[in-house]
Amino acid sequence: MKAVKTVAIVGNPNVGKSTVFNCLTGLRQHTGNWPGKTVSSARGKFFYKDTDFQLIDLPGTYSLTPCSVEEEISRDFICFGQPDVILVVVDATNLKRNLNFVLQILEITKNIVVCVNLIDECKKKKIQVNLTKLSKKLQAPVISTNARNSKGLKNLLREIYKVSCEGNDLNPKINYSKNIEFIISELSVVLEKNFSDGVKLSSNKKKYINTKWLSVKLFDADKTFNESLNKNFNFKIIDDNAVKKINEVQKKFLSQGIDDEKIRDIIAKDLSDQAGYIYKKCVKNNDKFRNRKDQKIDEFLTSKISGIPIMLCLLGFIFWLTITGSNYPSELIAKFLFALQEKITLLFEYIRAPNWLHGMLVLGVYRTLSWVVSVMLPPMAIFFPLFNMLEDFGYLPRVAFNLDGFFKKAGAHGKQALTMCMGFGCNACGVTSCRIIDSQRERLIATLTNNFVPCNGRFPILISIITMFFIGSNKTFIGSLISSFVLVLIVLLGILMTFVCSKILSATLLKGLPSSFILELPPYRRPQFFKIIIRSIFDKTMSILLRAIVVAAPAGLIIWVMANVKVYDATLLAFCSNFLDPFAKLLGLDGTIFLAFILGFPANEIVMPIIIMTYLCGGSILELESLECLKQLLVSNGWTPITAICTMIFSLMHFPCGTTCLTIKKETGSYKWVAVSLLMPTVCGIFVCFILNSVLKLFL
């Protein structure tokens with residue numbers, strides 16, 4: 001049996017690299033982390049003809065000169081991982097910039113296959129790519145695909161097989177200007193003594209490196225590259241002769257006023273000019289009007305005047321759809337689950353189970369899970385597809401563009417806007433999405449501040465309070481619009497707190513300057529509605545719901561015990577509530593509200609039912625039939641407009657739920673940052689509520 005062939009799949013972000021990976025591997029894939037790194041690693045397998053292939057999806061990168069851990073991983077595997085084939089995925093609609101990266105890889109190896117993806121977008125924009133001429137110019141096989149519809153993948157598999165088994169019989173060559181060619185001619189002679197026959201490793205295998213490319217890289221002054229060289233080869237790469245020759249070349253250039261930085265600029269310009277030349281020869285654009293149309297849309301959506309208002313209106317519209325669309329299915333799910341509870345109760349009676357067991361398992365665990373599922377599932381099932389449609393359409397990168405300046409002033413990263421958007425659906429999902437931020441420092445800032453964005457678990461309590469105390473219990477179209485508007489104002493407060501806390505973190509625990517980044521503005525595309533719905537339900541909604549259920553089940557048991565075990569003629573729930581009451585009053589709350597947030601740590605959805613249960617002295621989680629009844633109950637227990645406002649503020653700013661905390665631990669690998677994520681929003685919430693309560697009491 002033949003050995004397994006390794007294929008590394010690389011490319012710029014947003015070129016459809018992951019789509020190609022998924023199409024080739026299907027379900028034969030798994031995701032883990034790179035050894036010693038928190039960066040995710042996707043690996044998969046596929047079989048073609050008589051050969052097994054292992055496909056490794058490397059992190060997206062714009063260059064082999066890394067600016068982040070992800071780009072460093074990609075660079076090291078391309079240079080030293082010895083893959084049999086490097087599959088370079090490029091965007092057919094943005095070929096000029098993508099070709100720059102292809103040329104960088106051709107400097108290292110000729111065993112590459114260029115996959116020109118999104119070819120369907122080219123046809124829509126009337127862009128013609130001459131693949132034959134492009135292959136001739138690059139001296140490498142070029143295959144066109146539309147991975148979203150699995151078109152062209154058979155040709156791609158055939159070419160991968162051919163290159164992996166036979167190699168590339170073409171001879172690609174990168175043309176540089178006179179100064180760079182001089183560097184190559186002077187240094188490659190010295191370096192070839194060490195590399196011409198490859199470097200033998202302990203496993204009796206050999207690693208090879210292109211000495212011409214290495215000659216150029218030695219002038220990049222990239223410390224991480226030198227470290228990787230020494231790590232991947234078993235001897236000191238740059239010997240005394242090489243060092244001497246490098247110093248001679250550097251002195252020669254310095255005498256002409258050319259330093260290392262200028263040399264790097266020359267290298268970049270040479271690659272860019274060559275990419276531009278190839279693009280001009282191989283690509284013809286017959287519809288410049290469409291490009292101008294996209295530019296006109298961008299001028300409107302990313303304008304300093306209209307960009308942010310449009311973003312807020314769109315956010316409000318999504319909230320309105322989520323709020324109005326989730327009410328009825330949530331009610332149906334709740335009725336079904338509680339009807340099922342009656343059947344389970346009959347079963348317990350039939351087997352003569354003791355009351356305490358029925359109370360713990362049915363009234364405690366099952367009833368809590370029923371509320372979590374009925375409240376969480378409909379909003380997530382609506383919000384995530386809407387969010388993914390915006391992403392598929394190409395609007396979310398425009399959101400990051402609009403907010404980039406604000407995040408830079410806060411010492412954070414522009415891509416944090418995208419992670420913040422994801423947090424509206426679920427903060428745990430928002431934390432996971434922070435992986436798109438390259439800088440570890442800025443990734444931590446985004447992770448720790450994501451909880452200031454209210455997730456769909458906090459929407460029910462916010463919406464119900466807004467409706468009861470500030471709108472009235474009418475369910476008219478105007479009422480839902482006003483509710484959405486007030487909710488947007490609360491979200492704006494959360495965004496403001498995100499900026500404030502990001503600035504504080506960047507000046508204290510996570511000092512540093514905001515890094516620059518290339519923000520990709522992909523072309524506008526028609527969303528694939530069916531695939532989006534399926535992906536949203538299974539990849540996000542169900543996975544998050546399952547994690548919430550795992551955390552909420554033991555919480556239901558604890559809440560039932562506290563509601564039924566008495567201390568000094570009062571339940572543990574009432575005892576703890578009375579104990580917390582003096583402190584909570586300072587914040588404009590009461591002990592019951594404060595305790596409900598603490599017990600709601602596993603899932604924010606159960607906060608309001610716990611408040612109701614405590615006020616009614618019930619033995620299990622309850623919810624009243626209408627908002628009118630709920631408002632009467634709250635007012636009779638001392639609620640005022642100030643209480644309502646402070647409860648909403650504390651709901652916005654308090655510790656993240658258990659699911660989010662578990663995700664933060666997984667992403668950061670440290671309990672220290674979990675502690676910070678718990679303390680920071682809680683301290684902010686206590687401080688803001690105390691100030692607000694003190695001020696409002698002077699006027700109300």
Side-chain angles (χ1 to χ4, degrees), residues 6-25 29 34 39-44 53-79 81 83-122 129 131 134-135 138 140-148 150-153 155-157 159-160 163 172 271-272 275 278-279 283 394 397 435-436 438 517-523 525:
T6 301
V7 180
I9 180 168
V10 300
N12 293 171
N14 298 313
V15 295
K17 182 168 60 69
S18 296
T19 307
V20 174
F21 173 83
N22 291 332
C23 287
L24 290 176
T25 59
Q29 56 181 261
W34 289 92
V39 179
S40 62
S41 162
R43 295 170 183 255
F53 290 88
Q54 177 182 225
L55 188 60
I56 300 174
D57 187 10
L58 295 175
T61 178
Y62 290 99
S63 171
L64 292 181
T65 302
C67 299
S68 67
V69 176
E70 287 82 357
E71 291 186 343
E72 187 180 331
I73 286 171
S74 296
R75 189 271 317 273
D76 286 352
F77 193 85
I78 291 168
C79 298
D84 296 288
V85 181
I86 296 179
L87 177 59
V88 191
V89 182
V90 298
D91 181 354
T93 65
N94 203 357
L95 200 55
K96 184 177 181 181
R97 179 179 52 74
N98 286 198
L99 283 174
N100 193 301
F101 185 60
V102 175
L103 293 175
Q104 292 181 55
I105 296 177
L106 282 171
E107 286 185 290
I108 301 169
T109 177
K110 63 180 183 178
N111 288 340
I112 79 167
V113 175
V114 180
C115 172
V116 181
N117 194 30
L118 303 174
I119 202 70
D120 58 324
E121 297 289 338
C122 268
V129 181
L131 299 175
L134 181 61
S135 177
L138 293 174
V142 176
I143 304 295
S144 66
T145 64
N146 178 25
R148 293 178 6 147
S150 300
K151 291 182 180 178
L153 293 182
N155 295 333
L156 187 63
L157 285 169
E159 207 60 51
I160 291 173
V163 173
L271 286 171
S272 180
I278 295 173
Y279 177 84
V283 179
R435 295 175 183 177
I436 65 172
D438 302 326
F517 77 106
I518 301 172
L519 181 60
E520 180 74 23
L521 292 181
R525 302 187 181 107

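Worth saying up front: this structure is predicted, and the values here are computed from it rather than measured.
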Subject >> Single hit among V15, V102, L134 for side-chain contact (heavy atoms from CB on, under 4.5 Å) with V90 >> reply: V102
**OP:** List the steps, then state whether side chain to side chain contact (heavy atoms under 4.5 Å, CB included) holds for V113 with V85.
**Re:** CA-CA 7 Å; V113 175; V85 181; 4.0 Å; yes
**OP:** Taking side-chain hydrogen bond (donor to acceptor under 3.5 Å, both in side chains) as the test, write out the residues that go with E159, two or more places apart.
**Re:** none
Original post:
Where is the tightest heavy-atom contact between G152 and I143, given as atom of each residue plus distance?
Top reply: O-CG2, 3.9 Å
Original post:
For N111, what residues pass the side-chain hydrogen bond (donor to acceptor under 3.5 Å, both in side chains) criterion, not counting sequence neighbours?
Top reply: none
**OP:** Taking atom types as modelled, find out whether N12 and N98 have a side-chain donor-acceptor pair closer than 3.5 angstrom.
**Re:** yes
Subject >> Pairing residues for I108 by the side chain to side chain contact (heavy atoms under 4.5 Å, CB included) criterion, not counting sequence neighbours >> reply: L64, I78, C79, W213
Original post:
Can you list the residues that meet the side chain to side chain contact (heavy atoms under 4.5 Å, CB included) rule with S150, with sequence neighbours excluded?
Top reply: C23, L153
**OP:** Please name all residues satisfying side-chain hydrogen bond (donor to acceptor under 3.5 Å, both in side chains) with S272, sequence neighbours left out, ordered by chain then number.
**Re:** none
**OP:** Report yes or no: does K17 contribute a side-chain atom to a donor-acceptor pair with the main-chain N or O of L58 at less than 3.5 Å?
**Re:** yes
**OP:** Check whether any side-chain heavy atom of N100 sits under 4.5 Å from a side-chain heavy atom of R97, and report yes or no.
**Re:** no
**OP:** Evaluate side chain to side chain contact (heavy atoms under 4.5 Å, CB included) for N117 paired with D91, printing each intermediate quantity in order.
**Re:** CA-CA 5 Å; N117 194 30; D91 181 354; over 6 Å; no
Original post:
Residues two or more places apart in sequence or in another chain: which of them pass side-chain hydrogen bond (donor to acceptor under 3.5 Å, both in side chains) with D84?
Top reply: none
